There are 2 protein chains.
Amino acid sequence: MVRPAKSEKVQSVKKCRDAEATQAVILTAAEAEFAQHGLMAARTEAIAAKTGVAKSMIYYYFKDKEGLYQAVLERSHAELLQITQQLDLEDLSPEAALKQFLVALLDCVARNPKLPTIMFHEAVQNQGKYYKRSSSLSIDTTLVNILERGVTAGVFRQLDPFVSAINIMGSCLFYFIGAGNIQQHPQGKRVLSKAMLEKHTQEAIAFILAGVQQSQNVS
Amino acid sequence: MVRPAKSEKVQSVKKCRDAEATQAVILTAAEAEFAQHGLMAARTEAIAAKTGVAKSMIYYYFKDKEGLYQAVLERSHAELLQITQQLDLEDLSPEAALKQFLVALLDCVARNPKLPTIMFHEAVQNQGKYYKRSSSLSIDTTLVNILERGVTAGVFRQLDPFVSAINIMGSCLFYFIGAGNIQQHPQGKRVLSKAMLEKHTQEAIAFILAGVQQSQNVS
DNA sequence: AGATTAATCGACAGACTTGTCAGTTGATAA
DNA sequence: TTATCAACTGACAAGTCTGTCGATTAATCT
């Protein structure tokens, strides 16, 4: 789908009728709409209104609402998919692997804060119909594997890798899902501000690493 | 809203036309539909189809879709609200209070596994419009308070109570949000089976308690 | 400059949804 | 038994939403 450079000169002048730019703004607007409402409740008219281009452009470029939805899904998952795939954790200790994994995951979602919400909608409403099996599954199994290794090696406590993987993902992603709703920031900082995103990353990593280790005093 | 016993004899014979029973089945069907789709994407026709009664009954008893939605919200939050309010944690140590809180919360959502999903939809789609401020807020501040006490007392590590409260809630609730989507159970057990719910409760409590404590080896 | 094609728009047809209403049926009470 | 009323139904009016189509405009090529 890469457009062949139709002429040698790269014109950086802002074009009025730029197919790629139009598709991009539609995708961005659609991402916001789908993140908030999900596939069914999203309104193509609302998406069009946010872009400034006519509603028919959606159908011109993406066939129908479903096509647009899939495009949004693919675009927003691309980075996560790529990052988790190029992660090579086999040689690391379970603790180091877990930390590495969390850093990558949290960094990725901090840059795509709408991703968790989109994933949620997809999972709940469409029961993952639009996931062939790609991202979220592979990401989950990666985490399960790390946990299994750690338990076997005795460096993690006797946790259930499957359930714990879900709970860990919850610690990482829940923040973003609720973000739109949470008004009460600690000292007036916006939840998705750079400072708060960094804080959340730190907190989540510390919390999770502590959570998987042997607790010192079992009461 | 308690119906006054219209006659002394309590008739346990199954009535064909029972207003309360009809409302109850509508509410239950609506709970499922709203949990999966949220307010906008929920279809009154789909709700009616699940109940077996005519669609117009929804409007007869609940005025409109929004009225039904609010009724569902109130009914599904009632228990959580009541449980968290009658929790008296002031006199307990931070650890004991946290454990107590988690037991109550997890027990409640295990009995109402659709609640987290409904909360999620309400938060994301409607930005909490239908929460006056009731349940989820008070529950969150309760947890923040416990964490603050624990940090001040030095029994918890130097965590950010606000962010950590969200992450903890994520550990507790995320399991239920994804439940409909997760097929792969560890040994073939269904995610919402009694055994798995109990396992999740145990795992979440152990994970969270370990997560808030000082980690033994700070690498 | 004129022709060609891709990008864009606005209006609209068709389908789907909500909410209403007039009428029917079963329970209760006189 | 009959009257009355609440519970209930199916058909439909009105509104909303998706997706299409012919017309229009900007860029590109010759």
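Excluded from the calculations below are hydrogen atoms, water molecules and symmetry mates; all remaining heavy atoms, backbone and side chain alike, are included. Below, chain A is the first sequence line, B the second, and so on; all start at residue 1. Keep in mind the model is a prediction, meaning the values are calculated, not measured.
One interatomic measurement links the two molecules: CD1 of I58(A) to C1' of dC9(C), which rounds to 13 Å at whole-angstrom precision. Between D64(A) atom CG and dG19(D) atom P there is a gap of 5 Å when expressed in whole angstrom units. dC8(D) atom P lies 17 Å from atom NZ of K55(B), rounded to whole Å. As a whole-Å value, the separation of E66(B) CD from dT18(C) P is 13 Å. The distance from atom CE of M40(B) to atom P of dT18(C) is 11 Å, rounded to the nearest whole Å. Atom CD of E20(A) and atom P of dT8(C) are 12 Å apart (whole Å). Atom CG in L68(B) sits about 10 Å away from atom P in dG19(C), given to the nearest Å. If you take CD1 of I47(B) and P of dC16(C), they are 19 Å apart, rounded to a whole angstrom.
Listed nucleotides dT9(D), dT17(C), dT18(D) differ in distance to E45(A); the shortest reach to its side chain belongs to dT18(D).
Among the heavy atoms of the strands lying under 4.0 Å from K65(B) are primed sugar atoms or P, OP1, OP2 only; no base atom is included. Residue Y61(A) is in sugar-phosphate contact alone, with no base atom involved, counting any heavy-atom pair closer than 4.0 Å across all strands shown. Among the protein residues, A42(A) comes within range of the sugar-phosphate backbone only, with heavy atoms under 4.0 Å from sugar or phosphate atoms but none that close to a base.
Between dA7(D) and Y60(B), a contact under 4.0 Å exists linking OP1 or OP2 to a side-chain N or O. Close to dT16(D), at under 4.0 Å from its OP1 or OP2, lies no side-chain N or O of R43(A). Within the structure, a side-chain polar atom (N or O) of T22(B) is placed less than 4.0 Å from OP1 or OP2 of dC8(D). Look at S56(A) and you won't find any side-chain N or O under 4.0 angstrom from OP1 or OP2 of dT8(C). In this structure, Y59(A) does not reach the dT20(D) phosphate: none of its side-chain N or O atoms is under 4.0 Å from OP1 or OP2.
The closest side-chain donor-acceptor pair between N167(B) and H200(A) falls under 3.5 angstrom. Between the side chains of H77(B) and N112(B), not a single donor N or O lies within less than 3.5 Å of an accepting N or O. Looking at Y69(B) and D64(B), their side chains never bring a donor and an acceptor atom within 3.5 Å of each other.
Looking only at distances, a side-chain donor or acceptor of Y175(B) sits under 3.5 Å from a matching main-chain atom of V191(B). Panel note: side chain K55(B), backbone A46(B); no donor-acceptor pair is recorded below 3.5 Å. Distance alone, capped at 3.5 Å, is enough to place a donor-acceptor pair between the T51(A) side chain and the A48(A) backbone.
Looking at K50(B) and E33(B), a side-chain N of the basic residue comes within less than 4.0 Å of a carboxylate O on the acidic one, giving a salt bridge.
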For nucleotides 24-26 of chain C, list the nitrogen or oxygen atoms of the protein found under 3.5 Å from its nitrogen or oxygen atoms, one pair per line.
from: dT25(C); atom 1: O2; to: R17(B); atom 2: NH1; distance (Å): 2.5
from: dT25(C); atom 1: O2; to: R17(B); atom 2: NH2; distance (Å): 2.5
from: dG26(C); atom 1: O4'; to: R17(B); atom 2: NE; distance (Å): 3.4

